[in-house]
Amino acid sequence: MNMQTNTDFTLAIEELTVSFDGFKAVDDLNFYLDKNELHVIIGPNGAGKTTVLDLICGKTKATSGSIKFLNNELIGLSEHAIVRSGVGRKFQTPSIYENLTVLENLEVSYPHSRGVFGSLLFKRNKTVLDKIHEIAHEIMLEQMLDTEAGLLSHGQKQWLEIGMLLIQDPQLMMLDEPVAGMSVKEREQTAILLNKISKGRSVLVIEHDMDFVASIAHKVTVLHQGKILATGNMDKVQNDPKVIEVYLGH
Ligand code: ADP
Ligand code: MG
């Protein structure tokens, strides 16, 4: 087969399949992501969206196919090695440290920090603090640096987790339903945040809220039964008869 070879892709997924006891949750998927691209995957429940992210981050092992990140094969690497190579993933439930302050949460996520116990014992240096302030500003939590994370609103907790990924400066950032449970105002602020984040890296988002998708997506891919039903800009995808039939029509 004539494979597409372009070294400029951040992510190049080819012929990716995962089969769970014979059921193909992802079925011969081909998917490409450019630098500075914010791509949203939509589709009905059970379409395989989360599984695609699980495959990219190494949580689920592929049955066959290839996932190249900056031209390096990810399949076979450990989850830890994939994170270190520059892939950040935000899960649906935020994994923040509720008993630490916003500042401390960002600090323990700083690359080469000594982890949650070690880093708190070391004197904070200016480079780290400057970076923490820069990220806190970006995630709209600059005024909350000394607040315990457990006291933040649901939306602010999501932003903090995004900040904890951003401080590691991933080249690919993946977010699974980032605005679930957020207020309208928080959704709008998150859209602005994601637009900023996509400058200089690639962002892959799974989302259901179509207004939110329309406000952020450069490109949309509709997944259905582990296969791509349609891909392109929002307008094209929204008006695709197949998409209306299996997804948007309901
Ligand atoms: P989506 O995120 O699009 O709602 P998922 O990727 O979570 O869908 O799931 C796709 C399908 O794969 C579902 O039928 C789900 O039950 C199945 N699935 C996902 N992960 C596993 C697994 N680890 N073992 C068995 N089946 C799984
Ligand atoms: Mg899912």
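First listed ligand is number 1; within each ligand, the first listed atom is number 1.
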(request) Can you check the number of protein N/O/S atoms within less than 2.8 Å of the Mg ion (ligand 2)? (result)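 Total protein N/O/S atoms under 2.8 Å from the Mg ion (ligand 2): 1.
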(message) Closer than 4.0 angstrom, basic N to acidic O: yes or no for E98 and K157?
(response)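 Judged by the 4.0 Å cut-off on N to carboxylate O distance, E98 and K157 do form a salt bridge.
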(request) Before accepting this row, confirm whether a basic side-chain N of the pair E188/K185 lies closer than 4.0 Å to the acidic partner's carboxylate O. (result)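 No.
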(request) Not counting sequence neighbours, list each pair that qualifies as a side chain to side chain donor-acceptor pair (under 3.5 Å) and has a residue in residues 49-58. (result)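 Qualifying pairs: T50-D176, D54-R89.
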(message) Between D169 and R201, does the salt bridge (Lys or Arg N to Asp or Glu O under 4.0 Å) criterion hold? Intermediate values first, please.
(response) CA-CA 9 Å; D169 200 20; R201 61 169 62 79; 2.7 Å; yes
(request) State whether a side-chain donor-acceptor pair under 3.5 Å links E186 with S153. (result)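 Present: a donor and an acceptor within the cut-off.
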(request) Please determine, by modelled atom types, if S66 and E73 share a side-chain donor-acceptor pair under 3.5 angstrom. (result)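 Result is yes, a qualifying pair exists.
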(message) Using only atom types and a distance under 3.5 Å, with no angle test, would you say the side chain of E37 pairs donor to acceptor with the backbone of D34?
(response)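 Flag set: sc E37 to bb D34 pair under 3.5 Å.
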(message) Looking at Q168 and L165, would you say the former's side chain and the latter's main chain have a donor-acceptor pair under 3.5 Å?
(response)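 Here the side-chain-to-backbone pair does not exist.
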Can I get a per-line list of side-chain donor-acceptor pairs under 3.5 Å for residues 226-233, giving both atom names and the distance, sequence neighbours left out?
from: T231; atom 1: OG1; to: V220; atom 2: O; distance (Å): 3.4
from: T231; atom 1: OG1; to: T221; atom 2: OG1; distance (Å): 2.8
from: N233; atom 1: OD1; to: D235; atom 2: N; distance (Å): 3.2
from: N233; atom 1: OD1; to: K236; atom 2: N; distance (Å): 2.9

(request) Could you name the protein residues that come within less than 4.0 Å of ligand 1, counting only heavy atoms, and order them by chain and residue number? (result)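 Under the 4.0 Å cut-off, ligand 1 touches F20, F23, A25, P44, N45, G46, A47, G48, K49, T50, T51.
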